[in-house]
Structure formats: structure tokens, C-alpha cells
Amino acid sequence: MLVVASLRVRLSAAEMAGGVRRKSPGSPSQLWGKLHSLWQDKHLVLFKTEYTFLVVSVLWFLEIAINVWVIQKVAYTEIDWKAYMDEVEGVINGTYDYTQLKGDTGPLVYPAGFVYIFTALYYITSHGTNIRLAQYIFAAFYVITLLFVFRIYYRTKKVPPYVFFFVCCASYRIHSIFVLRLFNDPVAMMLLFAAVNLFMDGYWTLGCGLYSLAVSVKMNVLLFAPGLLFLLLSEFGLIRTIPKLSLCAAIQVLLGLPFLLDNPVGYVSRAFDLGRQFIFKWTVNWRFLPEWLFLNRYFHLFLLAAHLLTLLLFAFRRWKRPGESIFELFKDPSKRKNPPQQSTVDQIVLILFTSNFVGMCFSRSLHYQFYVWYFHTLPYLLWSGGVKKLAHLLRVLILGLIELSWNTYPSTNGSSAALHVCHLIILLCLWLAPPLCSAPAEKQHVPVKDKRK
């Protein structure tokens, strides 16, 4: 040891005598080296996933400017904002019977979380009259949503950076939904993506709470529920999953309590109306059907059956571990036949996004604002498919066709058919991908924070 120490002292003295200095990790020369390397690889910045953070950072700041420009230059279109304000105004005036709350476009059909959030917006925007301020608030919602979405893509590093341009800047419809229409759908999805980030970080209980808040704004978020249930059972088993499901339910009861005490049946039937009839005029996905079939209850039951069957097939054949019984999920992870494995970030994201996408494929109707329900998940799903020969250009073409279908107003037979074809291609690619647990392991595992407690 003394010899080694002596050699180190002599080497250090020799370096100093010869003018050799150790470089600090953050020295200007190292920074210049990184910039030089980046310049040499400039043609690869848009294709190599290690540059994801750089690209999304630039796009995020660009999006701030784009949203300001859209608000200033593109005319606002009134659709539901005034109705939202009328509905919450009824609550402010003391009406807690959901069957008596309505706006210009119809009755209040959203859960209680919507009422509280839009009541706050009612007061902030001078009783809903300051539309410009409301637009800037929704622009803030938009860039916050992008932060959550970009973090998901940064953690998974599955999608090449150039695709993120299509995730934000290139979509007219998404900007319109957020800052030109002021729908409640973006608020629900902002909370949902925040919950997904918590799941990725291992905060399952907190994530379930935030997920329930998202459901309380609009119940389309329930499309993620089958995937979330599968993940909770995989991570905790049935016994330890029950408290998290109870938390989700308790939040719904607590938020809806004032309305449940007044008219419980009225609240549940309006806020969670699963049998709601949609208007054929506004459908994006079923325009090529005759209206009588679109309204037919047997057709709705067929879609529900197809939805449930597809989810079961994915759960049995793609999500669970090969050779393991589905009933193993109900056991405590420590008592299962195969040793428990930590879920990876990629598994969590893919299962949640696939669960939602399957629901979109078999939806009874999709209206224009529903695009935001799955828009930000589409690139991830396309680049997660099992068809290796599906070239980058073809994937981008599918994204473009989907965007075109949602931008076609009114929808046509062709736009609706094109949307279903694109959905089918994505669904088949996801099905042809290897089962998650047999695929190459993702490097980023979920940290142990809320796991199995």
C-alpha cells in the first residue's frame, strides 16, 4: 500500500512538473468536445434516441410560441365553453341535483371533478366571460401535458426524435381542441399523463389517486382502467390491489358527495352514463354506416363484446408472462411459482396505452375533441409494433392519415374508413409484437418506492 501511495505522489508531481492538469468534469474543453461531437452527428440528431431530450426541449419552447400565435391570430370558436359555465353556475347558485343542471348544449354529463375545476375557471375568467384568459390557461394546460408526454418518451427511448414534431407542432386539430375550443378532454388527459409518470416512478398509490381525479373530469379515462388493473395485479396481487382500487372509489365518492346526498341516482346516471346515445352527425369513425345501424343497440353490444374480447386476448397472450396462469396474478408476488419481476417503464406505458387504444378502436362513436384521448400515444404504439419491416416512412404516413381523418369536417365515408384501416394496422402490429415478458428486457425498471407495500 505504501509503495502504491508513493507511486501516486510521484506521478502527480510529474504531471504538475510537466504542465499536465486534470480536467474537471464540467471544464470548457469537455463542453466543447460534446458540442463538437453533436455537430459531427447533426445528421443523426433526429434519428438517435439519445438526443430525445435535446429535441423535445427545443420543441417544447417552440410550442409556447406557437400557442401564443394561435391564440392571437386564429379566431376562437364557441362550442361547449358557455355550456360548461352555465352548468357550473347552476351549482354555484345552489343546485346539486344533477338532473337539473344543464347548459346550452344539453345536460351536465361529466363527473364532479369537472364541476370543481371549471368552477375555479369560472371565477378566474370573470364568470367565463374572459375568453382570452381562458385560452392562455388552456395553453398552459397544453405545454404541461407536453412535459408529461415528452418525459414518457424520454424515459422509454423507443421513438426517434424526429417523430416528436408530429406529436406537437404539426397537429392543427390538437391545438384547436386545447386553445380554440376549450374542451374538458385536455384537462382529463393532462391529469392522466401525470398519473402515468407517477406509475413509471413507482408511486402507485399516488398515481391511482391522480388517475381517479382524471376520471372525475371525464370518464373516457376509464379506457385505461383494464391495463391499470392488470398492472396493479402484476405488481401487488389481489389483496394489495384492493386498497388502491378503494382509494380510486373513495375519491369518486368524496368528490361527488354533495350531489350524491341530493340525488344519488341522478348523479350516477348522468355523470357515468355508459349507455349515452351519440348523434350520427358528429361521428368521425362510423360515417360509412347507415344511421339506423349506427343507432342500433345490438351494434353497440357487438362493439362492447369485441372490445372486451380483444382486451382479454391481449391480457392472456401479450401482457402476461408466457407459461404463467392468469390466476397467478391474484396471488401475492412472493408466493407465485415464478420469481416476481419488476415491471419496466416500457411495460407500464405499453399496457396502459394499448388498453386505451383498444377502447378507441371499438368506440360507439368518436367526436372531434376525442382525438386528444389517444393522439399523444400513437407514435409510441406505432414504434412498439412487432412488424420490423414497417418502415419509418410508412409509420409517419399512418400518423398523417389519422390526422387527416380527424381534420376532415364533416367526416366522409372515406375518412372514416381510412381511420379504421389505420387502427387495424396498429392493432395488428401490437398483436404481432412478442409478449412483453419474453421481449428483451428494458433497462429502466420501476424504482422500488410504492411496490408491494
Side-chain angles (χ1 to χ4, degrees), residues 145 148-149 152-153 156 158-159 163 166-167 171 173-174 177 185-186 188-189 192-193 195-196 199-200 211 214-215 218-231 284-286 303-319 345-387 390 394-403 405-406 416-436 439:
T145 301
F148 294 139
V149 170
I152 292 170
Y153 282 102
T156 54
K158 184 179 288 289
V159 178
V163 179
F166 302 100
V167 173
S171 178
R173 179 63 65 185
I174 294 300
I177 291 170
D185 306 73
M189 295 308 298
L192 180 278
F193 286 120
V196 174
F199 296 143
M200 292 193 309
Y211 172 81
V215 172
K218 194 162 186 177
M219 66 174 183
N220 71 280
V221 181
L222 288 173
L223 293 178
F224 291 87
L228 178 56
L229 177 61
F230 183 92
L231 288 169
V284 175
N285 58 330
W286 296 116
L303 291 175
L304 177 61
H307 180 191
L308 295 176
L309 178 61
T310 304
L311 284 174
L312 287 173
L313 287 172
F314 270 92
F316 278 86
R317 305 294 297 177
R318 289 295 174 266
W319 296 348
V345 170
D346 191 55
Q347 288 171 335
I348 291 171
V349 174
L350 185 57
I351 288 174
L352 288 173
F353 285 5
T354 301
S355 175
N356 178 64
F357 180 73
V358 170
M360 294 290 288
C361 290
F362 297 102
S363 176
R364 289 187 290 121
S365 185
L366 295 175
H367 292 180
Y368 287 95
Q369 65 269 32
F370 298 177
Y371 190 22
V372 77
W373 294 4
Y374 76 156
F375 170 78
H376 293 104
T377 73
L378 290 173
Y380 188 87
L381 295 172
L382 271 169
W383 266 263
S384 297
V387 181
L390 195 63
L394 183 55
R395 291 185 175 105
V396 172
L397 177 61
I398 291 172
L399 289 176
L401 285 174
I402 292 175
E403 177 75 16
S405 298
W406 285 94
S416 290
L419 185 63
H420 279 288
V421 169
C422 292
H423 285 176
L424 180 61
I425 292 173
I426 297 174
L427 200 61
L428 287 174
C429 288
L430 290 171
W431 179 256
L432 292 173
L436 284 175

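Please read these numbers as outputs of a predicted model, since none were measured by experiment. Computed over heavy atoms, backbone and side chain alike; hydrogens, waters and symmetry mates excluded.
For the pair Y374/I402, a side-chain contact is recorded, criterion being any heavy-atom separation below 4.5 Å from C-beta on. You'll find the side chain of F353 stays beyond 4.5 Å of the side chain of I348, heavy atoms only. A heavy-atom distance below 4.5 Å is found between the side chains of E403 and F375. Side-chain contact between W406 and L419 is present, with at least one heavy-atom pair separated by less than 4.5 Å. Side chains of L223 and F357 form no contact here, defined as non-hydrogen atoms less than 4.5 Å apart. For the pair L228 and S355, the minimum side-chain heavy-atom distance is 4.5 Å or more. Put simply, the side chain of L427 does not reach to within 4.5 Å of the side chain of L381, judged on heavy atoms.
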Tell me, with the steps shown, if V284 and H367 meet side-chain contact (heavy atoms from CB on, under 4.5 Å).
CA-CA 6 Å; V284 175; H367 292 180; 5.6 Å; no

Give the C-alpha distance, both sets of side-chain angles, the deciding distance and a yes or no for side-chain contact (heavy atoms from CB on, under 4.5 Å) between N220 and M189.
CA-CA 9 Å; N220 71 280; M189 295 308 298; 3.8 Å; yes

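Interatomic distance, L430 CG to I426 CD1, rounded to the nearest 0.5 Å: 7.5 Å. Rounded to the nearest 0.5 Å, atoms CZ (F166) and CD1 (I174) are 15.0 Å apart. Here the CG atom belonging to L401 is positioned 11.0 Å from the NE2 atom belonging to H423, to the nearest 0.5 angstrom. The distance from atom CG of L382 to atom CG of L397, rounded to the nearest 0.5 Å, is 10.5 Å. Distance SG/C422 to CD1/I398: 6.0 Å, rounded to 0.5 Å. Atom CZ of F224 sits about 10.5 Å away from atom CZ of F199, to the nearest 0.5 Å.
Within the 3.5 Å criterion, the main-chain N or O of A306 finds a donor-acceptor partner in the side chain of T310. Checked by atom type and distance alone, the side chain of Y211 pairs as donor or acceptor with a backbone atom of V221 at under 3.5 Å.
Minimum heavy-atom separation, A433 to R318: O-NE, 3.1 Å. The two atoms that bring I177 and V372 nearest to each other are CD1-N, 4.2 Å, heavy atoms only. A pairwise comparison of heavy atoms in Q347 and L231 identifies O-CD2, 4.4 Å as the closest pair. Of all the heavy atoms in W286 and R364, the pair that sits closest is CD1-O, 3.0 Å. The heavy-atom pair separating Y153 from T156 by the smallest distance is O-OG1, 3.3 Å. Counting all heavy atoms, side chain and backbone alike, V159 lies closest to P379 at CG2-O, 3.8 Å.
Under the 30°/60° scheme for interplanar angles, the aromatic rings of F370 and W373 are found to lie parallel.
Under a cutoff of 6.0 Å and an axis angle of 45°, R395 and W383 form a cation-pi pair.
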